[in-house]
Amino acid sequence: MRSPSTHGFLTRHPNCVRRASYHSVVASLLHMATKNIFADILDRVRGANNELIAAGVLPAGLDQSRVTVEPPRDPAHGDIATNAAMVLAKDAGRRPRELAEFIADKLCADGMIANVTVAGPGFINLVLKPAAWIEALRGAVESGSHYGKSDIGGGATVNVEYVSANPTGPMHVGHCRGAVFGDALANLLAFTGFKVTREYYVNDAGAQVDQLARSAYLRYREAHGENIGAIPDGLYPGDYLKPVGAALKAQYGDALRVAPEARWLPVVREKAIEMMMATVRADLAALNISPDLFYSERTLIGGAVDQVAAVIDWLRARGYVYEGRLPPPKGAPVEDWEDREQTLFRSTAFGDDVDRPLRKSDGSYTYFASDIAYHRSKLERGFRSLIDVWGADHGGYVKRMQAAVAALSENAAELDVKLIQLVKLLRSGAPVRMSKRAGDFVTLREVVDEVGRDAVRFMMLFRKNDAVLDFDLAKVIEQSRDNPVFYVQYGHARGHSVFRNARSMFADLPTDLTNPTVLTDAGLERLSNSAELALMRQIALYPRVVEGAALAHEPHRIAFYLFDLASEFHALWTLGNSAPHLRFIIQDDRQTTLARLVLVQGVVTVLASGLALLGVGAPSEMR
RNA sequence: GCGCUCGUAGCUCAGCUGGAUAGAGCACCAGACUUCGAAUCUGGGGGUCGGGGGUUCGAAUCCCUCCGAGCGCGCCA
C-alpha cells in the first residue's frame, strides 16, 4: 500500500517547552560525561514509560527489552528515534500512534530534548538541544583515549583463538587477514570490558611436523655439501628451511648424519618447529600482533596424561562417544572406502548432520579429537565465551566444534566461529600469482614490507569477514579518497595540521585542549552551525558503534565508521573554502577558534581511538 | 546428492541483529583552489535489494522454496 508522505503524519507536540538554559542542561548531563548518549536517551525513554506505568496508561510489569533508540536513517527525522510505542502497543492494548503521543508527552518535559514528534507508524523522533551534542563532544575530548570504552563485558573472560597457522613455514598472505581480524576483535573486546586472552594454537603434533622434520633433515645434509636433488613430493620445498639445516649442522655437526631416522627425527623436528615458530612470531610482530599464549598441541598428548584420551573417555561416560559405522560420503566417490567400525562423537545430538570420527584407521587421533581436547582446556581455564577465527574452507567444521563445546560444557559455554574469506591479491587490478606448491608463495612479510603494516591492517578490516576481499597492492598506497587507509589517516593528520596553524597564529592558545577548565572556558556553545552539529553527532555515535561492533564480533564496523567520520570532517574543512566564517581558524577571533579547535580535537580523539582499535597508526603529519 | 557462506547501483561494497523515501566509494556528467595541506569538497543521473511465496504495524534483514556463485563433504590440518 502506498502511504501518504511521512510529513503528512508529523505531529508537532504542543506541550514542548524549550526554555532550559545551556547551563541547566549541562547540569542534567553531568552524570553521563563519558557515557553513550544513546544509552542515556534510552534510559530517559524507559523513564517516561515507567511514569506511564505509574499513571496506569501502561500495564505493570511491562517488558521493555525490545525498546531501542537509534539515529534515524534520514536526519530530517531528528537526532534520535525510538520504536517504543510500536513494540509496546500490543501489551498496552493501544494503537501505536496513540501510545506514542503519551510517551512523547512525557519526553517533552525532558530538559535535554528540544523537540518531539510522532511520525509514520508510531516512531517517536527526538531532536536534542545543541547543548546535548556539545556536552557529548566535551565528554569525548575530556575522556581522550578512554572515550568509547564501556563495561558491557562486565569483566567476563573471552578466549580469542586466531591465526593458528601450522608451524611448517613462514606465514603467507592468506593468514594475515585472520590474524588482523582476531587481533582487532580482541582489542575491541578488551575496550568494551571483556577480559580477553589472545591465543594461538600450535599444531606441532601429527604427520605434517614429521614431514617438516624430514624436509629440514634434507637441508641439513645439504648444509654438509650433499647434493640432495629435488625435494620429494609431500615434503616442504621452500628455501626457508635452509637456515634450519645450517643451524642443525652448527649444533650437531655430523652426528645426525649417521643416526637412523628414529633417532634424528625428534631432534630435527624440535629444532625445526622452534625455528618456524620464531619466524611466525616475527611475522606476527611485523603486524604488531603478539598473542598472549601459544598453546601447543603436543602438550595435549605428550604430557603426564593423554588429554585426548581423557576427554574421549569423559565424553564416552556421558554417552557422547560410541563405536559405530558411518555411511560413505555422498557425492564425490571415495576410492578406497572401507566400511568399518570406528570411534564416533555424537555431534548429531547437537544439530550436526552426521557423527564425527575421533580416530583414524591407524588408531591415531583425528584433528577433531585433539581439537576437542584443546577446547576442553579452554573451558578448564575458565572461559565460557570462546571465539575461533578460521579460514572459510573450514566452514564444514563449525557445527561439530560447537557440538563438542556444548557437550563439554553441558551447554554452559558458547563458541562463536568467525570464518574469514579469501584474500585475492592484486597489483593494479591484475591478479598476483600465488603458487604454494612450488614453495614460492607470497609471504605475509613480503606484503607488509611492500605496502606497510597500516595499509594491510586497515584493508583487511575494511570488509566483512565473510566476504571475499580484493587487496590491491598498488591501490593501498595511493594517496586519494579511493584509498580508505590514506583517507582516514589524512583526516587525523589534517586535524593536527589545524592545531599547528592555529598555534602559529595564536601563540597563547592552551597547550592541553582536554583540560576541563580549558573546555569550560572554550565557549563551546559557539559550535552551532549545522555542519558542526553533524560532526558532533558523528562523534557522539562512536561509543554506540564500538559496543555494536564488539557484541557482534564485527571489527569492520569501526573501519567503516572511521571512514564516515573522516568524510564529515573533510567536508566541513572544505566548507571553509567557500564560507570563510566556517573555517576552524578565524584570524581575529581567538575564542571561536578555540571552540572549533575543541571540535577538531574531538575528531582527532575518535580517529586515533578507532585506528588504535584496528591496530593502525594515526600519524599527525603525512607530508 | 548434502552442508556451510553468500547474492544489494555498470564495478567494489555498507546497511547499526525487524524500522520510515535502501546508502557510500569508484566510474560517468557538471562545478569549487589569491586555502586552515584541492592528497580535498559540492551537486547530478543510475536499484523489481537474484526470482517467488510466507510471518507482522513494518522485511535487504527472519522462515520456506527455486536460481546462481564460492568453500567443504571418514583415515589433511
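Because the structure is predicted, anything quoted here is derived from the model rather than measured. Chain naming here is simple, since letters A, B, ... match the order of the sequence lines and numbering starts at 1 in each.
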What's the closest nucleotide to the A:Asn125 side chain, out of B:C41, B:U17, B:A20? B:A20
With a non-hydrogen cut-off below 4.0 angstrom, is A:His556 in contact with a base, only sugar-phosphate, or nothing? sugar-phosphate
Checking A:Ile372 against A:Leu358 for the side chain to side chain contact (heavy atoms under 4.5 Å, CB included) test, could you report, in this order, the C-alpha distance in whole Å, the side-chain angles of both residues, the deciding distance, and whether it holds? CA-CA 9 Å; A:Ile372 293 177; A:Leu358 297 173; 3.7 Å; yes
Using a 4.0 Å heavy-atom cut-off across all strands, classify A:Tyr561 as base, sugar-phosphate, or nothing. nothing
Can you tell me how far P in B:A20 sits from the matching atom in B:C4, rounded to whole Å? 29 Å
Nucleic acid contacts of residues 592-604 of chain A, taken as heavy-atom distances under 4.0 Å to RNA chain B: none
How would you label the contact of A:Ala493 with the nucleic acid (heavy atoms, under 4.0 Å): base, sugar-phosphate, or nothing? base
Could you check A:Leu326 against A:Met86 and say which one's nearest nucleotide on RNA chain B is further toward the 5' end? A:Met86
What distance, rounded to whole Å, do you find between the two C1' atoms, one in B:U5 and one in B:G19? 27 Å
Nucleotide pairing, RNA chain B (Watson-Crick or G-U, distances under 3.5 Å), in dot-bracket with [ ] and |: (((((((..((((.....[...)))).(((((.......))))).....(((((..]....))))))))))))....
Base of B:U8 relative to its sugar, syn (within 90° of 0) or anti? anti
Exercise: do A:Ser480 and A:Asp482 side chains pair donor with acceptor under 3.5 Å: no
Sugar-phosphate, base or nothing in reach of A:Ala552, heavy atoms under 4.0 Å: base
Classify the nucleic acid contact of A:Asp393 as base, sugar-phosphate or nothing, counting any heavy atom under 4.0 Å across all strands shown. sugar-phosphate
May I ask you to decide whether A:Arg596 forms a salt bridge with A:Glu532, counting only side-chain N to carboxylate O separations under 4.0 Å? yes
Answer with yes or no whether A:Asp564 presents, from its side chain, a donor or acceptor under 3.5 Å of a partner atom in the base of B:A24. no
For a quick test of reading the model: is some side-chain N or O of A:Ser578 closer than 4.0 Å to OP1 or OP2 of B:A32? no
Just the rounded figure in Å: distance from P of B:G23 to CZ of A:Phe560. 17 Å
Using a cut-off of 4.0 Å on non-hydrogen atoms, how would the nucleic acid contact of A:Arg95 be classed: base, sugar-phosphate, or nothing? nothing
Please give the distance between the P atoms of B:U61 and B:G43 as a whole number of Å. 30 Å
Nearest-Å distance for atom pair CZ/P, residues A:Phe569 and B:A24: 21 Å
Hey, does the Lys NZ or Arg CZ of A:Arg400 hover above the aromatic six-ring of A:Tyr397, less than 6.0 Å from the centre and inside 45° of the axis? yes
Would you classify A:Val546 as touching base, sugar-phosphate or nothing, given that sugar-phosphate means primed atoms plus P, OP1 and OP2, and contacts are heavy atoms under 4.0 Å? nothing
If you look at every strand shown and take non-hydrogen atoms under 4.0 Å, does A:Met622 touch a base, only sugar-phosphate, or nothing? base
Between P of B:U40 and CZ of A:Phe584, the distance in whole Å: 16 Å
Heavy atoms only, 4.0 Å cut-off, all strands: where does A:Ala502 land among base, sugar-phosphate and nothing? nothing
Would A:Trp573 count as stacking on B:C41 if stacking means ring centres less than 5.5 angstrom apart and planes tilted under 30 degrees? no
Kindly write out the residues that satisfy salt bridge (charged side-chain N to carboxylate O under 4.0 Å, His left out) with A:Asp508, not counting sequence neighbours, or none if the list is empty. A:Arg590
When you match A:Gly576 and A:Glu338 each to their closest nucleotide on RNA chain B, which lands nearer the 5' end? A:Gly576
Please determine, by modelled atom types, if A:Ser370 and A:Glu297 share a side-chain donor-acceptor pair under 3.5 angstrom. yes
Determine the Euclidean distance between corresponding P atoms of B:C11 and B:G47; express it in Å to zero decimal places. 13 Å
Could you tell me how far apart A:Asn83 (CG) and B:A59 (P) are, to the nearest whole angstrom? 15 Å
Nucleotide of B:C36, B:G58, B:C75 approaching A:Ser497 most closely (side-chain heavy atoms): B:C36
From B:U56, B:C36, B:A20, pick the nucleotide closest to the side chain of A:Phe123? B:A20
Non-neighbouring partners of A:Leu426 that pass side-chain contact (heavy atoms from CB on, under 4.5 Å), sequence neighbours left out: A:Pro431, A:Asp470, A:Asp472
At less than 4.0 Å, is any side-chain N or O atom of A:Asn501 found next to OP1 or OP2 of B:G37? Yes or no. yes
How would you label the contact of A:Gln342 with the nucleic acid (heavy atoms, under 4.0 Å): base, sugar-phosphate, or nothing? base
Quick check: any donor-acceptor pair below 3.5 Å linking the side-chain of A:Tyr397 to the base of B:C76? yes
Parallel, tilted or perpendicular, as decided by the 30° and 60° cut-offs, for the rings of A:Phe560 and A:Phe462: parallel
Answer yes or no for this row: A:His77 ring on B:A20 base, centroids under 5.5 Å, planes under 30°. yes
What's A:Pro484 touching, base or sugar-phosphate or nothing? Going by heavy atoms closer than 4.0 Å. nothing
Encode nucleotides 4-12 of chain B as B, S and - characters from 5' to 3', where the letter depends on protein heavy atoms closer than 4.0 Å: B to the base, S only to sugar-phosphate, - to neither. SSS-----S
For nucleotides 60-67 of chain B, just jot down a letter per nucleotide in 5' to 3' order: B, S or -, based on protein non-hydrogen atoms under 4.0 Å. --------
Under 4.0 Å, counting only non-hydrogen atoms across every strand here, what does A:Arg481 touch: a base, just sugar-phosphate, or nothing? sugar-phosphate
Checking all strands, does A:Pro121 fall into the base, sugar-phosphate, or nothing category for heavy-atom contacts under 4.0 angstrom? base
A:Tyr367 has an atom OH; how far is it from atom C1' of B:G74, in whole Å? 17 Å
